[in-house]
Amino acid sequence: MKRRWLFALGAAAGVGAVSAAVARKRRDAARLAERGRKLAEASAERGKNIVILGAGFGGFNTASALVAALPPESGWKVTLVDRHNYHLFTPLLYHAATGLVEPSHILFPVRTLAHAPHFQFREADIRSIDLKERQVHLDNGPLSYDILVLALGSVTNFFGKEAELENVLTLKTTGDAVAIRNRIIDAFEDAESAADPMERRRCLTFVVVGGGATGVELVGAIRGLTRDTMGRQYPSIDPAEVRLLLLEAMPQILAGVDPEFGQTALERLRQAGVEVRLGSAVERVDADGVLTSDGDVIPSRTVIWTAGVKPAPVVERLDVPKIRGGRITVDPFLGVPGFRGVYALGDVAASIDPKTGKPLPTSAAVAVQQAKALAEILVARLEDQDPLPFRYIHRGELVSLGRHEAVADVMGVRLTGFPAWLMWRGFYLSQLFGFKNQLGVALDWTFAYMYQRDTVRMDLPTEPSHQRPLAEPAAGS
Ligand SMILES: Cc1cc2nc3c(=O)[nH]c(=O)nc-3n(C[C@H](O)[C@H](O)[C@H](O)COP(=O)(O)OP(=O)(O)OC[C@H]3O[C@@H](n4cnc5c(N)ncnc54)[C@H](O)[C@@H]3O)c2cc1C
């Protein structure tokens, strides 16, 4: 009897919850339709275009939020442009570089938004932007805009030393990740057959330049790959022969975060056998290895440069107000001062943190929050309402240092070791776009944890798609 009552109560609660959800959906749809009608009235000419340049954390999230907030009836169209037809989840790039995840599992197709009739995607290389004529020049034609969002991200910064840095690897794209993985595998193959012990040592020395979060996480992941998995696959190589170095020009790693947090990460890396050199700038990298500012030569074949970023070249060429380092100055509403209807966010923009008076760091966390805020700002302005300014909420730091090792400082709670490592994995898994990718990464991690990482050398073409030749005109046209 009691069980029957419980069942009836549960069923009633279920029906209630479903009806409430249906009613909420209907209310939202009605609100959206009403907003569409008002927007169509407000913007007399229909067919206005919001052009978003870059499908990274800033651009893709702005596009998704706008497509959801602007009904098709509003007459506004959202056009997203990128040289790739996918969004790259950079926080797991170094997992792709060290055989922990399949590279395609961190790519999300941007055309998933194409179900919305007012969304358009253009796969193209952006050559230049004419802010006076309100036009973007793409490699496959011009594109006019009424509102422009600059979200082109950043590129590796060599600080003018390109000529002195021969053969260094970088970590910004999936092609870079595959190139790093291949170089590590080649180094082990060559070390195994090297007759000269010096050459064997050179092959087994891996140097990461730059002690920011990317460098720290990458060196931790290389440690896992080279000491654990490769140790088992190359029995003639003693894992103790592998030398890992992290070079940082500043007196601390993870600059910009709480120094105590950086110190904990430093100690943990050193305990794990990584040689961390502070105050050690790189003068030159050539076929022999690395020459440091203190005159030391580190023989190595694998040097990975993660020492800094600068805004994308298209933005570098743009004549708009900028701060030192080239990021675009933006107002509290993410607008570019002096250019009506032009907005910037993510790594190309310098939003000032009102608490410190300094620009916010370049990070996915900042770009995602800016994207959500910008979509609200744009919709409010289109509806002739006063928008709220962008405010960044800092939720903490999470840095992985390798297998079972991480440091976390989330809302004042500090964790290290296994609990921090679990938190890191749970957090980034939850942030990945798409259930297929989440499942793929979860399975990759499980397989790597229980068996081994993927150490197949991938001979993939790594040319960026923007190097493809321009389409030939069709015969007879
Ligand atoms: C290895 C690595 C690990 C990272 N880990 C973290 C992390 O754990 N947490 C965190 O918060 N941040 C992390 N970051 C930083 C984070 O990736 C960036 O801050 C974030 O991606 C910035 O977002 P964005 O939208 O400005 O640029 P991006 O996400 O880089 O997107 C820019 C887009 O513009 C496109 N583009 C650029 N130029 C052109 C052109 N001329 N034509 C066509 N398309 C173009 C690019 O293809 C790209 O899709 C990491 C970065 C790297 C490289």
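All figures in this text were calculated on a predicted structure; none of them were measured in a lab. Both ligands and their constituent atoms are indexed starting at 1 by order of listing.
Counting the atoms of ligand 1 from 1 in the order shown, those under 4.0 Å from a heavy atom of A365 are 11 (O). For ligand 1, the atoms sitting less than 4.0 Å from at least one non-hydrogen atom of Y428 are 7 (C), 8 (O), 9 (N), numbered in the order shown with element in parentheses. Heavy-atom proximity to H84, at under 4.0 Å, picks out these atoms of ligand 1: 47 (O). Close approach of ligand 1 to V314 (heavy-atom distance below 4.0 Å) involves ligand atoms 41 (N). Annotation for ligand 1: atoms under 4.0 Å from non-hydrogen atoms of G346 are 26 (O). Applying the 4.0 Å criterion to heavy atoms of A367 picks out, from ligand 1, the atoms 23 (O). Interface of D125 with ligand 1, defined as ligand atoms under 4.0 Å from a residue heavy atom, comprises 42 (N). Using a 4.0 Å cut-off to heavy atoms of G54, the atoms of ligand 1 that qualify are 33 (C), 34 (O).
Of the protein's non-hydrogen atoms, D82 OD2, 3.1 Å is the one closest to atom 35 (C) of ligand 1. For atom 5 (N) of ligand 1, the closest heavy atom belonging to the protein is P91 CA, 3.5 Å. Of the protein's heavy atoms, A364 N, 3.4 Å lies nearest to atom 10 (C) of ligand 1. In this structure, atom 27 (O) of ligand 1 lies nearest to the protein heavy atom G153 CA, 3.2 Å. In this structure, atom 52 (C) of ligand 1 lies nearest to the protein heavy atom T90 CB, 3.8 Å.
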Side-chain donor-acceptor contacts of residues 441-451 below 3.5 Å, not counting sequence neighbours, with atom names and distances?
| from | atom 1 | to | atom 2 | distance (Å) |
| --- | --- | --- | --- | --- |
| D444 | OD2 | E102 | N | 2.9 |
| D444 | OD2 | H105 | ND1 | 2.7 |
| W445 | NE1 | H95 | ND1 | 3.0 |
| T446 | OG1 | A442 | O | 2.6 |
| Y449 | OH | H404 | NE2 | 2.8 |

Counting only pairs under 3.5 Å, give me each side-chain donor-acceptor contact of residues 333-348, with atom names and distances, residues two or more places apart or in other chains.
| from | atom 1 | to | atom 2 | distance (Å) |
| --- | --- | --- | --- | --- |
| Y343 | OH | R381 | NH1 | 2.9 |
| D347 | OD2 | S154 | OG | 2.8 |

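Residue A312 has no N or O atom closer than 3.5 Å to an N or O atom of ligand 1. Close N/O approach between T214 and ligand 1 is not found [any backbone or side-chain N/O within under 3.5 Å]. The shortest N/O to N/O separation between R83 and ligand 1 falls below 3.5 Å. Between L171 and ligand 1, a contact under 3.5 Å exists for no N or O pair. Close N/O approach between S154 and ligand 1 is not found [any backbone or side-chain N/O within under 3.5 Å]. At under 3.5 Å, not a single nitrogen or oxygen of V348, backbone or side chain, sits near a nitrogen or oxygen of ligand 1. Between I126 and ligand 1, a contact under 3.5 Å exists for at least one N or O pair.
Under 4.0 angstrom from ligand 1, the non-hydrogen atoms of S363 come from both its backbone and its side chain.
Rounding to the nearest 0.5 Å gives a distance of 7.5 Å between CD of E275 and CD1 of I298. A distance of 5.0 Å separates SG in C203 from CG in D190, rounded to the nearest 0.5 Å. For the atom pair CD1 of I184 and CZ of R301, the computed distance is 11.5 Å after rounding to the nearest 0.5 Å. For the atom pair CG (L152) and CG (L318), the distance works out to 9.5 Å, reported to the nearest 0.5 Å.
Under the 4.0 angstrom criterion for non-hydrogen atoms, A124 is in contact with ligand 1.
A salt bridge between D353 and K358 is absent, with no side-chain N of the basic residue lying under 4.0 Å from a carboxylate O of the acidic one.
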For this session: Could you check R414 against E260 for salt bridge (Lys or Arg N to Asp or Glu O under 4.0 Å), going step by step and ending with a plain yes or no?
Result: CA-CA 11 Å; R414 293 236 166 138; E260 213 181 291; 3.2 Å; yes

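Counted within 6.0 Å of CD on E162, heavy atoms from surrounding residues, nucleotides or ligands total more than 12; the atom is thus considered enclosed.
Using cut-offs of 30° and 60° for the angle between ring planes, the Y86 and H84 rings count as parallel.
Between N182 and M458, the shortest heavy-atom contact is ND2-O, 2.7 Å.
For the pairing with T416, the side chain to side chain donor-acceptor pair (under 3.5 Å) check across E267, R268, E405 returns one residue only, R268.
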